[in-house]
Amino acid sequence: FNTINPSSNYPSVSANRGATGSKSILIYGTETGYSTLVLPEFGEDLTNLQLSFKMYRNSTTNSLSPVMVGVMSDRNSISTFDTVAIVSCARNDVWEYFEIPLSGYTGYGTYIAISTLPGVSAYCYIDDIIVSEISDCAAPTNVTTANITTTSANITWDGTSGTLYTVEYGISGFTLGSGTIEYTSTNSIMLYNLAPSSGYDVYIRALCSDTVSVYAPVLTFRTECSESLELPFIERFDSYGFGSGVKPQCMISASEYSYL
């Protein structure tokens, strides 16, 4: 492994938390610098490989901790970094799994690397890094949502390896296996009968002929506010971030200062 950071000692091993054991690698980049972890050199054709890892974020102030996954031809020069994908955690305090195929890489580099984005503050933990051959049953990618209403949302994704997909969703923070499960043979699905002004998590994976893929990184979204609320109205404020300017989706804040 090699690390590149012009202004600090990160990335570095941290004993604060781990996905499997007690340790992980902490990547910390600032708006004026970057933090890059460079893996050992691989002699194989990188387009036949995939990188998987788990990432953890516990700060609400660092732009969802986005990181770039890419390939470098010179392990000591960030200028040779070619970006393959940009990923970020959807939630705080949860280890999220990412699987990045390198099949789209067209350069000649031999070093796989993970780096913060230039000019973006990021603070996250990485663990369980695995480089392997691309799976015959790859996870869906680019999971997004659109046309969100008070009670419905359209979910779309990219994926060609599965003839069938399983979509499991529920209120944010639900345990996999306890949510609502839908099946579809297309790359989109409409979710209905959702609760207004509520946060939801969506997990999608491919069902191939003789195996299943891992789940795509969780997609989190909130439904729109309802024009009329049902009683009892309950708000525990646990599904939001915190800090100045943060408030529940369907509430407004007003303040007035008077100086004598």
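These numbers come from a predicted model, not from an experiment. As a basis for the values below, the full set of heavy atoms in this structure was taken, side chains included, without hydrogen atoms, waters or symmetry mates.
- Residues Thr47 and Leu102 are not in side-chain contact: their nearest non-hydrogen atoms beyond the backbone lie 4.5 Å or more apart.
- By the ring-ring contact (aromatic ring centres under 6.0 Å, His included) test, Tyr56 is found to be paired with Trp95, residues two or more places apart in sequence or in another chain being considered.
- Here the closest non-hydrogen pair linking Asp201 and Gly173 is OD2-N, 2.7 Å.
- Listed by chain and residue number, nothing satisfies the ring-ring contact (aromatic ring centres under 6.0 Å, His included) test with Tyr169 (two or more places apart in sequence, or in another chain).
- Contacts of Phe221 classified as ring-ring contact (aromatic ring centres under 6.0 Å, His included), with partners at least two apart in sequence or in another chain: Tyr200.
- Evaluation of the ring-ring contact (aromatic ring centres under 6.0 Å, His included) rule for Phe42 yields no partner, not counting sequence neighbours.
- A distance of 8.5 Å separates CZ in Arg57 from CD in Glu96, rounded to the nearest 0.5 Å.
- Note that CG of Asp158 and OG1 of Thr144 are 8.0 Å apart. Values are rounded to the nearest 0.5 Å.
- Within a 6.0 Å radius of CG in Asn193, no more than 12 heavy atoms belonging to other residues, nucleotides or ligands are found.
- The minimum heavy-atom distance linking Thr223 with Ala195 is given by the pair OG1-O, 2.6 Å.
- In this structure, Asp127 has no salt bridge (charged side-chain N to carboxylate O under 4.0 Å, His left out) partners at least two apart in sequence or on a different chain.
- In this model, Cys124 has its SG atom no nearer than 2.5 Å to the SG atom of Cys89.
- Between Val120 and Pro66 there is a side-chain heavy-atom pair separated by less than 4.5 Å.
- Rounding to the nearest 0.5 Å places OG of Ser73 at 12.0 Å from OH of Tyr108.
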Should Val84 and Asp82 be marked as a side chain to side chain contact (heavy atoms under 4.5 Å, CB included) after you check the CA-CA gap, both sets of side-chain angles, and the distance that decides it? CA-CA 7 Å; Val84 174; Asp82 288 330; 6.0 Å; no
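- Within the 4.5 Å cutoff, side-chain heavy atoms of Ile126 are placed close to those of Ile27.
- Taking all atoms of both residues into account, the shortest heavy-atom contact from Val67 to Met55 is CG2-SD, 3.9 Å.
- No side-chain heavy atom of Ile134 sits under 4.5 Å from any side-chain heavy atom of Leu49.
- The side-chain heavy atoms of Thr83 and Val69, taken from C-beta on, include no pair separated by under 4.5 Å.
- Within the structure, ring pair (Phe, Tyr, Trp, His ring centres under 6.0 Å) contacts touching residues 173-194 (residues at least two apart or in different chains) are Phe174-Tyr203.
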Could you walk me through whether Glu168 and Tyr215 pass the side chain to side chain contact (heavy atoms under 4.5 Å, CB included) test, one step at a time? CA-CA 10 Å; Glu168 183 171 352; Tyr215 285 99; 4.0 Å; yes
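- Shown here for Thr110 and Glu41, the closest heavy-atom pair between the two residues is OG1-OE2, 2.9 Å.
- Taking every heavy atom of both residues into account, Ile189 and Asn154 meet most closely at O-OD1, 3.2 Å.
- Taking 4.5 Å as the limit, every side-chain heavy atom of Ser197 sits out of range of all side-chain heavy atoms of Glu224.
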Take Asp74 and Thr80 through the test side chain to side chain donor-acceptor pair (under 3.5 Å) and record every step on the way to the result. CA-CA 6 Å; Asp74 183 345; Thr80 68; 5.8 Å; no
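- Using a 4.5 Å heavy-atom threshold, the side chains of Phe98 and Ser52 count as separate.
- To the nearest 0.5 Å, atoms CG (Leu117) and OG (Ser35) are separated by 12.0 Å.
- In terms of heavy-atom proximity, Asn147 sits nearest to Met190 at O-CE, 4.3 Å.
- Checked by atom type, the side-chain pair Ser115/Thr36 shows a donor-acceptor distance below 3.5 Å.
- Considering CG of Leu37 and CD1 of Ile112, their distance stands at 11.0 Å, rounded to 0.5 Å.
- Rounding to the nearest 0.5 Å places CD1 of Ile114 at 9.5 Å from CD1 of Ile25.
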For Ser188 and Ile155, what are the C-alpha separation, side-chain angles and deciding distance, and is it a side chain to side chain contact (heavy atoms under 4.5 Å, CB included)? CA-CA 5 Å; Ser188 67; Ile155 312 298; over 6 Å; no
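- Partner of Tyr97 under the side-chain contact (heavy atoms from CB on, under 4.5 Å) criterion, chosen from Val218, Val214, Asp128: Val214.
- Within the 4.5 Å cutoff, no side-chain heavy atoms of Glu133 are placed close to those of Asn48.
- Neither Val94 nor Val143 shares a network with the other; the hydrophobic side chains, linked directly or stepwise wherever heavy atoms of I, L, V, M, F, W or Y lie under 4.5 Å apart, form separate groups for each.
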Going through the distances and angles, do Ile129 and Leu39 end up as a side chain to side chain contact (heavy atoms under 4.5 Å, CB included)? CA-CA 10 Å; Ile129 292 176; Leu39 276 60; 3.9 Å; yes
Checking side chain to side chain donor-acceptor pair (under 3.5 Å) for the pair Thr175/Ser178: CA distance, chi angles, key distance, verdict? CA-CA 6 Å; Thr175 301; Ser178 65; 4.8 Å; no
